[in-house]
Protein chains: 2
Amino acid sequence: MRADAVNAIEVLRAEGRRITTARRTIIELLGETPDHLTAEDIAAHVHAAHPEVHMSTVYRTLESLETWGLVEHFHHGHGAAFFHLSASHPHAVCAECGRVLDVPAREFMPLVDHVRDAYGFELDVAHNALIGRCLEHAPSAH
Amino acid sequence: MRADAVNAIEVLRAEGRRITTARRTIIELLGETPDHLTAEDIAAHVHAAHPEVHMSTVYRTLESLETWGLVEHFHHGHGAAFFHLSASHPHAVCAECGRVLDVPAREFMPLVDHVRDAYGFELDVAHNALIGRCLEHAPSAH
DNA sequence: GTTCTTGCAAAAGCTTTGCAGGAAG
DNA sequence: CTTCCTGCAAAGCTTTTGCAAGAAC
């Protein structure tokens with residue numbers, strides 16, 4: 001189990017939350033994969049080991065973990081949201097192939113600072129993915 | 001009727017598309033409001049004058065107009081997409097009050113250029129809104 | 001008249017909720 | 001044993017689709 005996941009379980013324990021099958025399994029899964037998973041992806045993986053875990057439990061678990069700051073999700077327009085262990089940074093999703101690019105938060109800092117100064121708006125660049133096209137699918141790349 | 005809307009109707013006519021009640025009404029509505037409307041908002045306005053226009057017609061009309069480059073939509077995470085006459089620029093939506101800030105595209109150009117150079121990814125900053133908090137709801141403003 | 005568009009109804013995709021039984025501590 | 005969590009079923013919200021009737025040109 002990766003350090004992220006161990007830590008998340010520790011946090012649960014420290015705060016007196018119950019460590020259930022769904023919670024442990026989902027945290028382990030999110031800790032093991034570098035990918036960005038939808039609730040359905042997560043349910044599929046969980047079912048492989050624990051077929052009794054219901055979809056609604058997956059959603060409720062993700063919601064709880066997010067409330068406690070252990071998990072985050074982001075949207076990319078059409079389709080389901082993506083979930084991952086907390087580690088706020090922006091994402092860019094290719095409109096053609098769905099590939100997700102993790103962008104370090106620092107790349108957005110000048111923009112965030114500028115928008116704050118000029119418009120009085122504090123951007124949370126991690127909550128919604130930006131849509132675009134990756135190298136292979138860029139309009140200029142053919 | 002605003003110039004944008006007149007122009008959009010002209011384009012339809014010039015391309016030999018049919019000018020139907022739904023199309024004309026929706027274009028006029030989008031031309032008249034500075035707001036960003038959901039399909040449901042649009043249907044409500046259209047119904048006021050033309051109660052027979054069905055929700056599915058609203059969606060199909062918006063889809064067609066978008067295909068022809070006259071309308072655009074963007075997403076802001078949870079909830080319905082927003083539609084407006086074409087005029088690509090990024091949006092920032094306040095997570096607290098839902099207020100939408102229009103951001104000139106030029107503000108994003110340095111970021112877009114940098115991400116293209118550094119990551120080979122062409123961002124389309126207009127398709128997904130960025131989430132954040134406006135002046136009154138910023139974490140630091142209380 | 002011919003072709004494109006619409007109204008209706010039904011369903012699809014993602015997510016939330018009420019409730020009663022069950023597990024964690 | 002008490003409180004919190006879960007399974008199930010049902011529904012909610014946004015959006016899409018098939019089809020036959022209807023409107024635009």
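Here is how names work: the chains are called A, B, and so on, in the same order as the sequence lines, proteins then strands, and each is numbered from 1. All heavy atoms count here, side chains included; hydrogens, waters and symmetry mates do not.
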Item to check | Atom pair distance, as rounded to whole Å: CZ in A:R24 and C1' in D:dT6 | outcome: 15 Å

Next on the checklist: Measure NE2/A:H78 against C1'/D:dT14 and give the value in whole Å, please.
Outcome noted: 12 Å

Checklist outcome for this item: When rounded to whole Å, the CZ to P distance for the pair A:R17 and D:dT3 reads 16 Å

Checklist entry - Quick one: how far along DNA chain C does chain A reach, first to last nucleotide 5' to 3', anything under 4.0 Å to a heavy atom? => result C:dC14 to C:dG25

Checklist entry - Is B:E63 touching bases, backbone alone, or none of the nucleic acid, heavy atoms closer than 4.0 Å? => result nothing

Checklist entry - Should B:H91 and B:F82 count as side-chain neighbours, where that means a heavy-atom distance under 4.5 Å? => result no

Checklist entry - Taking atom P of D:dA9 as reference, at what distance in whole Å does atom NE2 of A:H54 sit? => result 7 Å

Checklist outcome for this item: Comparing B:A39 with B:R18, nearest DNA chain D nucleotide closer to 5' gives the residue B:A39

Item to check | Those residues that, when tested against A:T33, pass side-chain contact (heavy atoms from CB on, under 4.5 Å) (two or more places apart) | outcome: A:D35, A:L37

Item to check | Separation of D:dA24 P from B:R13 CZ (nearest whole Å) | outcome: 13 Å

Checklist entry - Using a 3.5 Å cut-off on both pairing distances, which stems of three or more Watson-Crick or G-U pairs include DNA chain C? => result C:1-25 with D:1-25

Checklist entry - Nearest heavy-atom pair of B:H89 and B:D102: which atoms, and what distance? => result NE2-OD1, 2.6 Å

Checklist entry - Do A:V112 and B:V112 share a hydrophobic cluster, counting only Ile, Leu, Val, Met, Phe, Trp and Tyr and linking them when any side-chain heavy atoms are less than 4.5 Å apart? => result yes

Checklist entry - Is the centre of the B:H73 ring less than 6.0 Å from the centre of the B:H84 ring? => result no

Checklist outcome for this item: Rounded to whole Å, CD of A:E15 lies from P of D:dC4 at a distance of 14 Å

Next on the checklist: When you compare the side chain of B:V103 with that of B:L130, does any pair of heavy atoms fall below 4.5 Å?
Outcome noted: no

Checklist outcome for this item: Judged by nearest nucleotide, the residue sitting upstream toward the 5' end of DNA chain D, B:Y59 or B:I19, is B:Y59

Item to check | More than 12 heavy atoms of other groups within 6.0 Å of B:E96 CD | outcome: yes

Checklist entry - Backbone N or O of A:A129 within a donor-acceptor pair of the B:N128 side chain at under 3.5 Å? => result yes

Next on the checklist: So A:I42 and A:T61, do their side chains get closer than 4.5 Å, heavy atoms only?
Outcome noted: no

Checklist entry - Across the strands shown, which category fits B:S56 at heavy-atom distances under 4.0 angstrom: base, sugar-phosphate, nothing? => result base

Next on the checklist: Tell me whether the side-chain N/O atoms of A:R23 come closer than 4.0 Å to OP1 or OP2 in D:dC5.
Outcome noted: yes

